Each structure stands twice: as C-alpha cells, then as structure tokens.
Amino acid sequence: MLDIVIEVKNLTRFYKLKEGNKIALDNVSFDVKQGEVFGLLGPNGAGKTTTIKILTTLLLPTAGEAKVLGLDVVTESQKIRDNINFVYGGERGVYGRLTGKEYMYYFCTLYKVKHREQQALIERLLDLVGLKDAENQIIHTYSKGMIQRLHIARSLINEPKLLFLDEPTIGLDPVGAKLLRDLVRELSNRGITIILTTHYMQEADDLCDRIAFIRDGKISTIGEPIQIKESCNHLNLYEAFMSLDQTNALQKDKMFKNLEVDELKDPFVHLKFETDSLAETEITSYLEQFGQVLKLRKREISLEDAYIYLMKDAG
Amino acid sequence: MNIIYLLVREIKYFTNFQNKMYQFLLFFQPLIFLTIVYFLQQLRGDVNTDRFVVASALISMWSYVLYSSGSSLVSQRWNDTLKLIIAAPMSLFQVIISKAFSNSIIALITMVLSFIYAKFIFGFSIHIENYYLFYLSVLVLIFSLCVVGLILAIVFASFQNVFDYQNLIHTPIILICGVFIPVDQLPAVIEYIAYGIPMTWGIKAVYEAIDLNTMMYTSMIVSIFVSFIYLFLAVFIIRKMEMVLRQHGKWGAM
Amino acid sequence: MFWIHKYGFTNLSYKALYSFQSIRLFILFRIVDPVMHYFFYATLVSAMIGSDYLSFVVIGNIASYTCHTIMINFMTMFRFERRYGTLELNIASPTPTLWIIIRKAVVPLLDGMFVFAIGLLIGWVIFGVALPLNQIGNVFVLFVVTLFSILSFSLLFACLSLLFSNVNLFLNLALAIFQVFCGVNFSVTLLPSGLEFFARILPLTHSIEALRSIYGIESFAIYPLLGKELLIGFCYLIVSLLFVSVMEKAARKRGALLKSI
Ligand SMILES: Nc1ncnc2c1ncn2[C@@H]1O[C@H](COP(=O)(O)OP(=O)(O)O)[C@@H](O)[C@H]1O
Ligand SMILES: [Mg+2]
C-alpha cells in the first residue's frame with residue numbers, strides 16, 4: 001500500500017508578467033503515497049493552485065519533474081487525465097442553467113461513458129454526494145456547498161485513482177464544510193488517493209494523513225500532522241482567562257511572544273501566548289499586575305501553532 | 001455651472017475609449033459603411049454621395065448614442081455610482097443629462113471621422129454650401145440625439161426586459177428616421193411615427209442645410225420643439241424615479 | 001452522434017450556453033432582426049442605385065446574415081464557457097478538444113440553417129425574390145458546402161478565442177470585412193485585383209455568387225464555384241487542426257486557459 005503515486009522533483013514554475021518573471025513554484029519536491037490524503041497547506045498566493053494545475057497536466061512546469069502514477073506530466077498528459085480528476089473550489093465551473101442531473105449527463109458524454117451505463121452511474125454518484133433530491137433543480141438554485149459536491153460527483157465520473165481538490169471548502173458555511181469533509185473521508189475510505197489544498201488548519205489536521213506547508217512557492221515542512229505538532233513540543237504555549245483592569249497596558253506589554261487577546265464579556269478576556277522560560281507561577285504573578293488571573297494552563301500544540309512557528313522560521 | 005463641470009468631468013473620466021464596442025462604433029463602422037457606398041456608387045455614375053457620407057455619420061452617431069447613453073443607467077459601473085448619487089446633492093436629472101449630452105458630443109467625433117474618411121480615403125467631394133447653417137443644423141441634431149439618449153437611458157433602466165432588445169431597436173430607427181429615404185416617402189403609418197421622434201427632424205434639418213433647402217429653419221425649430229417636449233417628459237419621469245429610488249434604493253421598481 | 005435527445009450533448013449545450021431560450025426571443029432575433037437587416041441594405045441600395053439591384057443585395061445578405069448568426073453564436077458559446085469557468089473542465093476531459101469544438105458547433109449550425117431557410121422565405125414574401133423551386137436540390141448542396149466552409153473558418157476563430165481574453169472587436173471586424181469583401185452588396189469583381197484575390201480566399205464569397213446564379217441573378221456555373229468554396233473550407237479546416245494542437249500547447253505553457261473574462 002505504500003506505492004508512490006505522485007513524485008515531484010525540483011518543480012519550478014514561472015509566470016511571465018510585464019514586470020518580469022514571477023516565481024510561483026520554487027524548487028519544490030515531495031511524494032504522495034497511494035491511498036493517503038495529502039494536504040498542501042499555505043496562504044493565498046503560496047503556489048498551491050499552480051502545483052495542482054501542473055499535476056493535473058493543465059499547466060506545464062518551467063523546470064523540474066513531476067510524475068503522476070509513474071507518468072510524466074509533460075509528455076504523457078493524456079494517460080494521466082484518464083486516471084485522475086480535479087475539483088476547484090468556488091462556484092465557477094458549472095452551467096447554471098442546467099439541472100444537476102443534466103450537468104452530469106453532459107460530462108458523462110465528454111468522459112465517453114457508454115450510453116446505457118450513464119443513468120445508473122449518475123444516480124449512484126449523485127446519491128453518494130447527497131444530491132439525489134436536488135438532481136432536477138437548476139444549478140443556479142444550488143448553495144455553494146451543493147455546487148462543490150456536484151463538482152465532486154463530476155470528478156468521479158471517470159473513476160479516478162487520484163483526486164485533486166483545490167480549496168474545496170472555500171466560502172462554505174460550517175455545515176456545508178462538514179458535509180464536504182465527510183465526503184472526502186468517504187472517498188478516501190474507498191481507496192482514492194486525495195490531494196487537497198486548503199488554508200484552514202483545522203481542516204487539514206482533521207482530514208490529512210500527511211501535510212506539506214507551502215509558502216512563496218517553497219515547501220518548508222512535510223509530515224504527518226502529529227509529527228509536525230510534536231516537532232514543536234519545545235514551545236511553551238499557554239492560555240489564560242483573566243478579569244482585566246488594564247487592557248491597553250497588557251496589549252502593549254512585551255513580556256510574552258505572540259500574545260493574542262480575545263475580549264469576552266467585559267472585563268473578561270481569553271489570552272494566548274508563548275514564553276521561553278517562565279514557570280507557571282512566575283507567569284501568574286506577572287499577569288496579576290494587569291488584573292485577576294482566573295485560570296492559566298499550558299496549551300496543547302495545534303497545527304496552527306506549528307504552522308505559525310515553522311513558517312516564521314522559513315520566512 | 002455645476003452641470004458644465006459635471007459634463008467636462010463626464011467626458012474626461014467616463015468616456016471609455018478602451019471599450020472595444022465603442023472603438024468599433026466610433027472608428028470602424030463609418031469606414032466599413034463608406035467602403036460599401038464607394039463600391040456601390042460605381043454601379044451608377046450619377047449618385048449623389050453627399051447624402052451617404054452624412055448617412056454614414058448618422059448611423060455611427062446613432063449607434064454610439066444607443067449603446068452608450070442607452071446603457072448608461074443599466075451598466076455595472078453605474079451601480080456603484082448610484083449610491084453616491086442618492087447621497088449627493090446633484091439631482092439625478094443633472095447626472096443623467098450630462099451623461100447623455102457628453103455621449104452625443106462624443107458622437108460628433110464619428111461624424112467628423114466620416115467626413116475625413118470620405119474625403120481623404122474615398123475621394124468623395126462634399127458640397128456644403130453654407131458651413132454655418134450646416135453647423136447649426138448639426139447642433140440641433142446633437143440636441144435631439146441627447147434627448148433620445150436620455151429617454152433610452154430611462155426606458156432601459158426602468159424595464160430590464162426592454163434592455164434585452166437593445167439590438168433590435170438599432171436598425172429600425174435608422175430606417176424610419178429618414179437616414180436613407182426622406183420620411184415623406186415612407187408609408188403613412190411609419191411617417192407619423194417617425195415625426196414623433198426628435199431625431200427625424202434633426203436629420204431632416206441636416207440634409208436640408210446641406211442643400212440650402214428653405215425648409216431647414218422649420219425643421220430645426222420643430223426639432224428643438226419636439227426635443228423639448230421629450231426633455232420635459234424626461235424631467236418629470238426622472239423626478240418620479242428619484243423618489244422611488246430613494247424609497248427602495250434600487251432600480252427596476254417601476 | 002448528433003441526435004438530439006433530452007440528455008444529449010447538443011441539447012445540453014444549447015440549454016447551457018445559448019442566448020435564445022424562449023420562443024419570443026427566437027422570433028424577435030431570428031425573424032424580426034434579419035428582416036430589419038435585409039431592409040437596411042435593400043433601402044440603402046434602392047436609395048443609391050434603384051430597385052433593379054434589390055434582389056442582388058437581398059440574396060447576398062441572406063447568405064451573409066446566416067454566416068453572422070453562426071459565427072457570432074459559436075463565439076458567444078465559448079465566451080460563456082470561459083465566463084462560467086467550464087472551458088477547462090471540457091478540455092481536461094478525454095474527448096479531444098477539436099472534437100468538442102466541432103460538436104458544440106452543431107447548435108449554431110442548426111440555428112444558421114433556420115436563419116437561412118427563413119431568409120429565403122423572407123426574400124420571397126417581402127422582397128419578391130422567388131426561390132426557383134426546381135433548384136431546391138442545388139440550394140441544399142450549396143447550404144451544406146457553405147456551412148462547412150463557415151464552420152472551418154469559425155474553428156480558427158474559436159481557437160484564437162481560447163488564447164486571447166477578448167476577441168469581440170476582432171469578431172466584429174471580421175464580420176464587417178465579410179460584409180464588405182464577400183460580395184454581399186456588390187460583386188467582388190468591382191474590387192481592385194489585390195482585394196479581389198483577398199475576397200476570393202475568404203469563405204462565403206463563392207457561395208454567394210453560386211446562390212445568385214441559382215436564382216438566375218448572376219450566370220456563373222454553380223458547381224465550380226461550390227468546388228472552390230469546398231476547397232477553401234478544407235484549407236481553413238487544416239489550418240484549424242494545426243492551430244488547435246499549437247493552441248493547446250501554448251495554453252498549457254502560458255496558463256492562459258485558466259484566465260477568465
Ligand atoms: N496566470 C498567472 N499569471 C501570473 N501570475 C500568476 C498566475 N497564476 C498565479 N500567479 C501567481 O503565482 C503565485 C501562486 O499562485 P497560486 O498557485 O494561485 O497560489 P494559491 O493557489 O496558493 O493561492 C501567486 O503569486 C499568483 O499571483
Ligand atoms: Mg489557489
């Protein structure tokens with residue numbers, strides 16, 4: 001089960017702009033193993049979409065090498081396309097005037113599904129993504145989440161071994177996003193390898209078997225979420241609840257690193273911060289000068305913390 | 001004074017020569033039409049080309065007014081300005097008329113171009129007996145185009161489904177307003193409709209001014225008169241629109 | 001392949017991308033608008049050189065309006081395709097791009113067929129240009145040949161449109177050039193020899209001459225003209241074929257397909 005399905009070596013991509021070349025991907029290398037959910041995590045403009053476009057053969061690399069299912073993305077694009085599919089987040093990519101079912105028929109024809117197999121396939125897929133009830137509704141009337149699930153149904157038409165999802169939950173409400181995450185898990189359980197990009201940490205932590213952090217076209221860290229978090233275990237992260245007298249003074253204070261103040265109901269606040277060496281009692285006594293500390297505890301490291309920490313190093 | 005300032009600003013900032021459609025209408029359309037005229041007149045020796053050079057200008061002017069003024073209230077860009085207008089002291093009427101007026105002035109460019117193309121590319125000689133009278137008639141025409149633009153802007157903004165048929169209005173107006181064939185030679189019903197359109201009179205005046213036809217003064221006066229009737233109508237409707245607008249904060253309420 | 005059924009490609013393409021979805025719009029834009037277009041040129045010509053020449057111009061404009069319809073709508077479909085962001089999804093499918101483009105052309109072709117038939121009818125009823133009924137067969141052959149050459153030419157345009165973000169001005173200019181140089185309103189023999197040569201490598205020019213000959217307005221031999229039209233169509237088709245593959249590579253290189261309008 002540990003076969004490598006994607007192999008990326010020193011991948012580089014420039015975009016030509018009027019002001020000169022823009023490096024979107026800078027010497028990126030990583031592998032994806034069969035059956036895993038692989039996450040590319042990074043802020044806007046990091047190069048996630050560019051990576052996905054190259055791997056789905058829609059864009060050529062400027063330099064470097066990428067193999068999908070052992071096939072070269074530059075020279076063997078047709079064979080790759082037969083075995084993969086992709087979904088771009090957002091509401092684009094649908095014909096608003098068609099119904100969900102008609103949309104599926106349209107792509108079944110493009111994907112050369114045999115006539116008599118189309119109906120059964122479409123029913124199965126729409127059922128899988130939970131759009132069976134809405135199949136005769138015009139896509140214009142769909143919610144963002146429904147459009148996203150329709151895209152996934154579309155992407156499953158050619159029974160792909162690999163599925164690329166570029167920010168699939170962008171702009172979705174929490175319920176829509178959860179439905180989509182459940183769907184991704186279901187697909188993964190069915191043995192489809194999934195490459196997913198997102199800038200939501202929690203989502204990546206939930207879904208992904210392995211994660212690569214990408215920023216400014218460079219990958220800084222690759223690993224399982226747990227490993228990544230463990231690699232940051234030396235961080236001393238705390239959170240505290242306080243009843244605060246001097247909000248401004250605290251916010252200007254330089255004692256703690258990465259201090260975040262969440263104002264709850266006045267005068268209560270929730271604090272998050274990092275220290276190098278202070279012990280808990282020292283922290284408490286220091287904080288007492290601003291107000292009354294109700295609760296202080298060491299915080300478990302989340303993926304977001306690790307991300308912030310590692311990206312700071314990279315930048 | 002405000003309205004003049006608005007007009008200058010309108011021409012300076014909002015005339016979008018980058019718009020491919022406008023480029024086509026203003027610069028290429030007269031060229032194409034004149035080419036067709038040039039070859040057609042070779043089929044018969046004695047064609048009076050003056051009329052068709054002017055026709056070329058009229059067609060492009062009308063097209064430009066239809067597509068620019070007509071959609072000035074409906075266009076996307078307007079939607080943002082709309083909020084400002086509701087808040088600004090400037091009346092809606094002033095804003096719309098300055099748009100319609102600036103568009104008819106821009107339309108003059110294409111008239112000048114038609115004459116330049118005609119003279120220097122196709123070698124047509126144009127006989128205008130009295131330039132002052134001709135300019136005067138053109139001014140009258142511009143005023144009528146401006147009023148028509150105003151009316152179109154209002155109609156298109158009020159009835160979204162009419163806007164869908166913008167293209168359909170283009171050719172019939174050219175046919176009934178006497179661009180090719182004088183209006184009095186048209187079937188009676190169409191003739192009466194034509195006389196209700198301010199542009200018909202403006203166009204008539206321009207053609208008559210070229211030939212120094214004595215009817216031209218009458219045509220000019222009637223053109224101005226008819227234009228004013230529409231203008232007052234427009235003022236009234238826009239007041240009404242403005243009220244609706246302030247109440248509902250959007251178009252299409254009519 | 002091209003049968004129209006409920007979930008067929010043609011029907012879905014029409015529903016998804018075509019501008020005229022209601023009977024009312026169809027009547028207005030497929031009957032009223034062409035009538036106005038024919039009137040425009042008929043009036044111009046009558047005013048300039050007299051009504052003897054009317055049938056010549058009406059026939060020319062029926063052919064040219066058909067061509068306009070096909071080209072504009074073909075291009076509009078691709079414009080919508082890009083606006084919706086669906087173009088990439090189509091191209092990424094295993095169906096070859098050229099084949100997709102050709103299959104999408106079926107809708108505007110059917111539309112063009114309708115416009116052409118209605119045009120001949122309008123010419124007969126309103127302008128008194130009677131269709132010689134014994135020539136129906138020839139008209140049909142002419143129609144097929146013309147469609148082929150126009151389609152081949154449109155393919156070139158469609159390919160271009162995949163590369164550039166705005167081809168509208170381009171398309172308007174091309175249509176205007178057709179109106180001037182394809183002998184729609186006056187015979188191409190009036191053109192200076194260089195321009196006549198240019199006119200004769202455009203599609204439509206020979207078809208229009210053939211159509212007039214069928215109507216007995218001009219007296220050329222019909223089949224040689226149609227043969228030339230066919231040949232021209234083939235040339236454009238071959239250029240388009242080359243172009244599609246070049247374009248696909250260029251698009252992958254530049255990432256231009258990914259641009260939206
Ligand atoms: N077609 C393009 N032309 C020029 N620059 C581009 C193009 N596509 C992306 N870029 C640039 O490349 C960088 C990476 O973009 P992208 O891969 O879309 O990032 P992400 O998906 O992570 O937000 C960005 O800085 C973006 O501006
Ligand atoms: Mg992206």
Side-chain angles (χ1 to χ4, degrees), chain B residues 17-56 58-59 62-63 67 161-162 164-182 185-186 190 207, chain C residues 19-22 24-25 27-53 56-57 60-61 72 164-192 195-196 199:
Chain B
F17 289 111
Q18 298 302 323
N19 184 320
K20 300 281 189 289
M21 173 91 172
Y22 295 169
Q23 283 175 6
F24 182 78
L25 293 177
L26 291 174
F27 303 110
F28 294 111
Q29 191 171 272
L31 196 59
I32 289 147
F33 185 80
L34 285 172
T35 315
I36 293 175
V37 167
Y38 176 82
F39 287 106
L40 277 179
Q41 56 99 29
Q42 293 184 356
L43 291 172
R44 225 180 96 169
D46 57 343
V47 179
N48 172 10
T49 49
D50 289 359
R51 190 178 180 93
F52 297 96
V53 174
V54 176
S56 156
L58 292 173
I59 292 169
W62 156 241
S63 313
Y67 290 109
N161 50 345
V162 179
D164 296 340
Y165 304 131
Q166 197 179 24
N167 286 332
L168 284 182
I169 304 171
H170 178 252
T171 319
I173 293 288
I174 294 171
L175 292 174
I176 66 177
C177 286
V179 173
F180 294 143
I181 294 181
Q185 291 175 23
L186 295 173
I190 296 179
Y207 279 132
Chain C
S19 309
F20 307 115
Q21 303 263 339
S22 74
R24 190 171 60 153
L25 282 177
I27 289 175
L28 282 171
F29 283 95
R30 288 295 171 264
I31 300 175
V32 177
D33 195 52
V35 168
M36 290 303 158
H37 179 91
Y38 305 146
F39 259 117
F40 180 89
Y41 285 100
T43 319
L44 169 68
V45 166
S46 308
M48 260 186 100
I49 47 179
S51 49
D52 306 342
Y53 198 56
F56 186 93
V57 170
N61 276 288
I72 289 181
F164 296 102
S165 59
N166 190 342
V167 282
N168 247 359
L169 179 69
F170 216 35
L171 178 67
N172 273 332
L173 278 179
L175 292 177
I177 286 171
F178 275 36
Q179 191 71 18
V180 173
F181 291 106
C182 289
V184 176
N185 298 298
F186 53 86
S187 165
V188 289
T189 52
L190 285 179
L191 293 167
L195 287 178
E196 185 180 345

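Quantities reported herein were computed from a predicted structural model and do not represent experimental measurements.
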Where does [X] contact chain C at under 4.5 Å (heavy atoms): side chain, backbone, both or neither?
X	value
Ile169(B)	neither
Leu175(B)	side chain
Gln42(B)	side chain
Tyr38(B)	neither
Phe24(B)	both

With heavy-atom distances below 4.5 Å as the criterion, would you say the side chains of Val184(C) and Ile36(B) are in contact?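 No, their side chains stay 4.5 Å or more apart.
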
Distance check, rounded to the nearest 0.5 Å: [X] atom [atom1] versus [Y] atom [atom2]?
X	Y	atom1	atom2	value
Asn185(C)	Phe39(B)	CG	CZ	12.0 Å
Phe56(C)	Leu43(B)	CZ	CG	7.5 Å
Thr35(B)	Leu195(C)	OG1	CG	9.5 Å

Max heavy-atom pair count under 4.5 Å with chain C, selected residue of Ile32(B), Ile181(B), Thr49(B):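 It is Ile32(B).
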
If we define contacts as heavy-atom pairs under 4.5 Å, which of Val47(B), Leu31(B), Val179(B) has the most with chain C?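 Looking at each option in turn, the highest pair count goes to Val47(B).
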
For chain B, the option from Val180(C), Ile177(C), Val35(C), Asn172(C) that forms the most heavy-atom pairs under 4.5 Å: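 Highest number of heavy-atom pairs under 4.5 Å: Asn172(C).
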
What option among Tyr53(C), Phe39(C), Tyr41(C) has the most heavy-atom pairs under 4.5 Å with chain B?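 That would be Tyr53(C).
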
Looking only at non-hydrogen atoms, find the nearest pair between Asn167(B) and Asp33(C) and report the distance.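 Where Asn167(B) meets Asp33(C) most closely, the heavy atoms are O-OD1, 4.3 Å.
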
Under the criterion side-chain contact (heavy atoms from CB on, under 4.5 Å), I'd like the reasoning laid out for Tyr165(B) against Arg24(C): C-alpha separation, chi angles, the key distance, then a yes or no. CA-CA 11 Å; Tyr165(B) 304 131; Arg24(C) 190 171 60 153; 3.1 Å; yes

Has Phe180(B) got more than 12 heavy atoms of other residues, nucleotides or ligands less than 6.0 Å from its CZ?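 More than 12 within 6.0 Å, yes.
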
Please report the C-alpha distance between Leu168(B) and Met36(C) in whole Å, then the side-chain angles of each, then the deciding distance to 0.1 Å, and finally whether the side-chain contact (heavy atoms from CB on, under 4.5 Å) criterion is met. CA-CA 8 Å; Leu168(B) 284 182; Met36(C) 290 303 158; over 6 Å; no

Under 4.5 Å heavy-atom distance to chain B, tell me which part of Leu25(C) shows up: side chain, backbone, both or neither.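 The side chain, not the backbone.
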
Would you please test Thr43(C) and Ile174(B) for side-chain contact (heavy atoms from CB on, under 4.5 Å) and show each step? CA-CA 10 Å; Thr43(C) 319; Ile174(B) 294 171; over 6 Å; no

